[in-house]
Amino acid sequence: MSRILKPLLLFVLVTFVIWVAVLWQWEKTHRDMTVTDIVLYLGVLPVLVFGLLVALRWAWRSAGERASAAAQAAAAAAASPAGAAATPAQAQEAAARHTTVKVLATFVASPTGRAASDILDAAAEGTPRPDLDAELKDEDGMPVMCARIAELQTQDLDDQIEPIVTATRSQQAAWADARMSTHAVRALCAMQQPLQRSIDALRPWEDRFSAADSTSMVRVLVGWPADWTPFEQAVALAWVRLLMTEHAGPCIAASRFAFEAQPGTGEQLWIKADQLLQVLARDKREDVLLVAACHSGISDAAVTELAKQRRLFSAATHPKGLMPGEAAAALLLAPVQWPKSPDDDTPPVHLHRPAVAKRDKSIEAGGRITADCLRETLTQALAASQLDASHVGSLVCDADQHSARSTELFGTTLDMLAHLDPTEDMRLIGVGNGHTGVASTLLVVAAAAERARSVDKPTVALTLGDAFMRLALLVRPQAPTVS
């Protein structure tokens, strides 16, 4: 229907503009119109102009498709060994570019649910959505539009981290009076259950972490906002270490854990995870990587900071701003040779390596919005997966519907994934969860893994939540066949 309506509306618009201009000119010059004038200027001219516009649009799209195809071919060629001319190092690098990892399990906590399937269902139904908060107010005293995890209770966590806070204060004199912010505590509280459930999911393989002849480890990589204070980050890492080793109990010894933090964006976290996975693969290690992240913008201090940055949503003054949200996610990743779980015969989905790029201009800045960066990122992700765009069956991203991120998204999909139906094949999880910062990337990948499994089709995961960084990767419902 839209393919018919759009050209029709364009023709009507062109005709209207030409008729107004011609009639105004005739009225101004007191022209005595003839039948020929009416036919030529009011009939033939609109058709000619409309045809010219259609031809220009076709030429523009054809040029874009050729450029995209050329870029994809170049990326594939650069990643592939060039026959006999390729060195062993180049061949090894090309093979590494196309590797995948297994997703053993995903766990999430978000305003739209505590399972990836819940997030997808909420995106499909369009509810729940951010709403006016009963507690948070903006600088004018008006309720803030935000998305909070309603059942999140921090009292127990406050008791858990109090000894850690006390111990951390003693490490530096400058931390003697330091405190945890409300939004940092809420973020850690959201991440508690995903971390614990991740350990529970590893219990079927506990022999691999306890046998004397096995060296397998659980490597934990956690991400949180870069604007947390050094004190908050130190407390958070100590809490994660204590929580996981205590919850693992005798099943996984504390010596089999390795912990590392990566503050910043979700894209930076995933780059770090990808680098770690490549090192483990090169060293032929059979370790499990647990990637986790948390974020919360639900506090007076966080709202005030967004307002100072002029990024807070306001229907009256900043309709394209951010709606504070909160979320956490944890993904268990393993090498392709990792054995199946004896408790679950479901084939694990596979993730290809990511493509990451940075926009030249913030998506939140004014002016014309281009999708060049996202197109290039998607092109590189398709090359890494050795998958043609026409074989992509679904898409999951963290775009919302009220900011320029949706313009960037649909500018990309119309050019490269035009066969996907926006309603049936795309899930915009940012609509219901608000701005979830570093956790957004993991939410997208977790939801994309669930989506690929449920529809049994390759699925694209795209991140647009950050103002600059863009990430794309392909998720397959089964391991890719080796040609």
Side-chain angles (χ1 to χ4, degrees), residues 1-73 126 314-321 359-376 378-379 388-390 392 395 397 399-426 428 431 462 464:
M1 181 63 72
S2 61
R3 294 183 178 180
I4 298 175
L5 286 177
K6 287 181 179 179
L8 180 60
L9 290 174
L10 177 61
F11 178 72
V12 171
L13 179 61
V14 169
T15 302
F16 174 76
V17 171
I18 291 177
W19 281 14
V20 169
V22 169
L23 293 175
W24 178 82
Q25 181 65 22
W26 285 351
E27 178 68 22
K28 179 181 178 182
T29 59
H30 303 288
R31 183 185 180 93
D32 186 16
M33 292 87 72
T34 65
V35 174
T36 302
D37 290 335
I38 294 174
V39 171
L40 286 177
Y41 290 102
L42 301 184
V44 177
L45 183 59
V47 174
L48 289 176
V49 173
F50 174 73
L52 178 62
L53 290 175
V54 171
L56 288 174
R57 183 174 183 273
W58 175 83
W60 177 267
R61 293 193 65 177
S62 297
E65 290 173 358
R66 288 194 298 271
S68 176
Q72 184 170 343
S314 170
T317 61
H318 198 188
K320 295 185 178 181
R359 290 177 54 87
D360 294 332
K361 173 185 175 184
S362 169
I363 191 66
E364 298 171 11
R368 181 172 176 266
I369 298 300
T370 66
D372 296 343
C373 178
L374 191 60
R375 288 194 194 98
E376 180 60 25
L378 179 55
T379 298
D388 188 83
S390 62
V392 173
L395 180 147
C397 73
D400 49 41
Q401 290 179 331
H402 69 277
S403 74
R405 290 172 175 81
S406 59
T407 303
E408 182 183 13
L409 170 66
F410 290 114
T412 300
T413 56
L414 284 174
D415 280 349
M416 301 184 64
L417 301 171
H419 62 285
L420 296 184
D421 184 276
T423 302
E424 298 296 329
D425 303 322
M426 299 184 192
L428 280 61
V431 174
L462 290 179
L464 298 88

Seminar exercise, completed: Scanning both residues in full, the closest heavy-atom pair of Ser406 with Gln401 reads OG-O, 4.1 Å

Exercise. In Å, rounded to the nearest 0.5 Å, how long is the span from CG of Leu374 to CG of Asp415?
Worked result: 11.0 Å

Seminar exercise, completed: One should read off an interatomic distance between Leu395 CG and Leu420 CG, to the nearest 0.5 angstrom, of 6.5 Å

Exercise. Quick one: CZ on Arg359 to CD on Glu376, what's the gap to the nearest 0.5 Å?
Worked result: 14.0 Å

Exercise. Side chains of Ile363 and Leu464: closer than 4.5 Å at any heavy-atom pair?
Worked result: no

Problem set entry | Pairwise distance NE2(His419) to OG1(Thr413) - rounded to 0.5 angstrom | 10.5 Å

For this session: List the atom of Leu378, the atom of Leu417, and the distance in Å for their closest heavy-atom pair.
Result: CD2-CD1, 3.9 Å

Exercise. Do Val39 and Val44 touch side chain to side chain, with heavy atoms closer than 4.5 Å?
Worked result: yes

Problem set entry | Counterpart residues, side-chain contact (heavy atoms from CB on, under 4.5 Å), relative to Thr34 (two or more places apart) | Thr36, Asp37

Problem set entry | Check: Arg375 side chain, Thr370 main-chain N or O, donor-acceptor pair, under 3.5 Å | no

Exercise. Looking at Leu409 and Leu462, what are the two nearest heavy atoms and their distance?
Worked result: CD1-CD1, 4.0 Å

For this session: Locate the shortest heavy-atom distance separating Phe50 from Val14; write the atom from each residue and the value.
Result: N-CG1, 4.2 Å

Problem set entry | side-chain contact (heavy atoms from CB on, under 4.5 Å) against Asp360, all qualifying residues, sequence neighbours excluded | none

Exercise. Taking the side chain from Thr407 and the backbone from Ser403, do they hold a donor-acceptor pair closer than 3.5 Å?
Worked result: no

Exercise. What distance do Asp372 atom CG and Thr412 atom OG1 have between them, rounded to the nearest 0.5 Å?
Worked result: 8.5 Å

For this session: Heavy atoms only: give me the nearest Asp388-Ser390 pair and the separation to one decimal.
Result: OD2-OG, 2.5 Å

For this session: Identify the heavy atoms of Ile18 and Tyr41 that sit nearest to each other, and give their distance.
Result: CG2-O, 3.8 Å

Seminar exercise, completed: d(Glu364 CD, His318 NE2) to nearest 0.5 Å is 7.0 Å

